[in-house]
There are 2 protein chains.
Amino acid sequence: MASRAGTLVDMTTSATPRERLLNAAGELFYRDGLGIGVDALCKAAGVSKKSMYQLFRSKDEVIAESLASRGPAYQAALLPGPDDERSPRERILTVFERQDQLAAEGNFLGCPFVSAAVELKDPEHPGSVVARHFKQHLTDFFRAELVAAEAEDPETLAVQLTLVFDGASARAVIRAQALAGIGTVTAAALLDAAGVRQTVGAGQAGQGS
Amino acid sequence: MASRAGTLVDMTTSATPRERLLNAAGELFYRDGLGIGVDALCKAAGVSKKSMYQLFRSKDEVIAESLASRGPAYQAALLPGPDDERSPRERILTVFERQDQLAAEGNFLGCPFVSAAVELKDPEHPGSVVARHFKQHLTDFFRAELVAAEAEDPETLAVQLTLVFDGASARAVIRAQALAGIGTVTAAALLDAAGVRQTVGAGQAGQGS
DNA sequence: GCCATCGTAAACCGATCGGTTTACGATGGT
DNA sequence: ACCATCGTAAACCGATCGGTTTACGATGGC
């Protein structure tokens, strides 16, 4: 092993083959689609095919694992941390603001989990299962915030927000007319309509209309 | 030619090779993804590869043309006809109701245009261009209805509704928790928030000004 | 009957697919 | 110094990829 033994870990080139492969897979599958060949994948990762096939059973498993390994970072990039003490409404809208920023950067190709599920078609594929789990986590986050905000129907609204998230993602993929920040605006409209306002737990029973 | 000459047209086997190919392509690309081979495609269409390659320049062109040919039928299945004289709000919600119905049928794999764009990645691919055009038409329909309903900001709301449409489509692909009719509910919430109600201004259905 | 046209079936091309195997260089434990 | 382990490089496998070509059957105009 070139790197694992030392007490210090070299950040640039020394990641274990598994990590290098998963990182390369996460990027290449996202950028070029799942159709990319294992030869190109291994070459980009600097890993031999033999190593890959003794770390993973198949390309499908690499797909699923690379998606799963991508989850935490993607979630950290979108969701506010527990230290963010703003109102639930603001914490929710942060997700959409960050997504809008990503989409504005140009190399955004939509939510990697939705893209993978679309390409896989088969909902039983391990990669599809991972994608479904990620979406569930996103919905869970929304629901928890909405419960904290004492929203009327947290479950429905949480799913609606997830739907908006995916819709904004789809618009980015298809590169429809710009209208910057449309995701955030739409999420805010739904929160407004449900009476979820800036303040938390103030016993505010007011309706949007 | 087996069919074109006769005055009577055989409905089952007589479509021209181009039509057979486009029909098969529309279905197979949607069901199995754009990765399906031209051999399988031609076999399913009952068309020789030679015929295909003298009807189209490349597989990419078949992709684009099959998407384009699918547009009118898909639009007809979703959008209300001009003879439907209900209020703009109801005409808009019809789109989401029909989409929810499609999604409930089980073999729904999301909007074919979004799926194609996701798989193609390249926004300049002829297929991506066709997909973008279809979305534009959908947004155009929403905007026209919202103008008729004298909504305050038809442009933004039209894009928001398209976003909801694509989000509902993504949820179907990923097979997230059911919550039937979530697309319709969300669209209705946005219309409510924008003050687009059942009746339009003077109670005149269809056109408003 | 003749012939051009349209279309299918299938062989063929080089490249690449997912996956396996062979061979060999570096490493670390003892 | 020895040797097992880990990893890479590359050959190799049958199948399939997108695309071309050859050969031949059916059709309709004249």
Side-chain angles (χ1 to χ4, degrees), chain A residues 1-10 12-25 28-29 32-67 116 119-122 125-127, chain B residues 1-10 12-25 28-29 32-67 116 119-122 125-127:
Chain A
M1 287 174 217
S3 61
R4 198 113 175 89
T7 49
L8 292 186
V9 195
D10 177 12
T12 57
T13 58
S14 80
T16 176
R18 181 168 219 273
E19 292 167 337
R20 271 180 287 153
L21 192 49
L22 253 22
N23 286 342
L28 287 183
F29 283 148
D32 301 331
L34 304 181
I36 182 134
V38 297
D39 288 289
L41 178 56
C42 288
K43 191 171 183 181
V47 165
S48 69
K49 283 175 76 174
K50 173 167 189 191
S51 295
M52 171 187 146
Y53 276 105
Q54 67 194 30
L55 285 167
F56 305 93
R57 265 180 288 246
S58 64
K59 183 191 180 185
D60 283 334
E61 193 172 295
V62 176
I63 291 175
E65 297 275 338
S66 71
L67 275 179
E119 292 199 62
L120 290 173
K121 309 282 182 191
D122 176 11
H125 188 291
Chain B
M1 286 171 227
S3 61
R4 201 120 175 85
T7 49
L8 291 187
V9 196
D10 176 11
T12 57
T13 58
S14 79
T16 173
R18 182 169 218 273
E19 292 166 338
R20 272 181 286 152
L21 192 48
L22 253 21
N23 287 342
L28 287 182
F29 284 147
D32 300 331
L34 304 182
I36 184 139
V38 297
D39 288 289
L41 177 57
C42 287
K43 192 172 182 179
V47 166
S48 68
K49 282 173 76 176
K50 174 169 189 192
S51 295
M52 171 187 145
Y53 276 104
Q54 68 193 31
L55 285 168
F56 305 94
R57 264 179 289 243
S58 64
K59 182 190 180 185
D60 283 334
E61 193 172 294
V62 177
I63 291 175
E65 296 276 338
S66 72
L67 275 178
E119 293 200 62
L120 291 172
K121 309 282 183 191
D122 176 11
H125 188 291

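A, B, ... follow the sequence lines: proteins, then strands. Residue 1 opens every chain.
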> Which nucleotide, C/dA9, D/dA9, C/dG18, lies nearest any side-chain atom of B/K50?
Replying inline: C/dA9
>> Given D/dA9, C/dG19, D/dG18, identify the nucleotide with an atom nearest to the side chain of A/S48.
In response: D/dA9
> Between C/dA9, D/dT20, D/dG7, which one does the side chain of B/Y53 approach most closely?
Replying inline: D/dT20
> Dot-bracket for DNA chain C: what is it, with Watson-Crick or G-U pairs under 3.5 Å, [ ] where a pair crosses earlier ones, and | for a pair to another strand?
Replying inline: ||||||||||||||||||||||||||||||
>> The criterion is salt bridge (charged side-chain N to carboxylate O under 4.0 Å, His left out); which residues satisfy it with B/K59, sequence neighbours excluded?
In response: none
>> Taking any heavy-atom pair under 4.0 Å as a contact, classify A/I36: base, sugar-phosphate, or nothing.
In response: sugar-phosphate
> C/dG19, D/dT21, D/dT8: which one has an atom nearest the side-chain heavy atoms of A/K49?
Replying inline: C/dG19
> Does a side-chain heavy-atom distance below 4.5 Å link A/V38 with A/V62?
Replying inline: no
> How long is the line joining CE of A/M52 and C1' of C/dG18, in whole Å?
Replying inline: 8 Å
>> Please evaluate residues B/L41 and B/V47 with respect to the criterion side chain to side chain contact (heavy atoms under 4.5 Å, CB included), reporting the C-alpha separation (whole Å), side-chain torsions for both, the decisive distance (0.1 Å), and the verdict.
In response: CA-CA 9 Å; B/L41 177 57; B/V47 166; over 6 Å; no
>> Here's a test of your reading of the structure: between B/S51 and A/K59, which maps to the more 5' nucleotide of DNA chain C?
In response: B/S51
> Going through the checks in order, is the side chain to side chain contact (heavy atoms under 4.5 Å, CB included) test met by A/K121 and B/D32?
Replying inline: CA-CA 7 Å; A/K121 309 282 182 191; B/D32 300 331; over 6 Å; no
> Could you give the CG-to-P distance, from A/D39 to C/dT20, as a whole number of Å?
Replying inline: 13 Å
>> Would you say B/R20 places a side-chain N or O within less than 4.0 Å of OP1 or OP2 belonging to C/dT8?
In response: yes
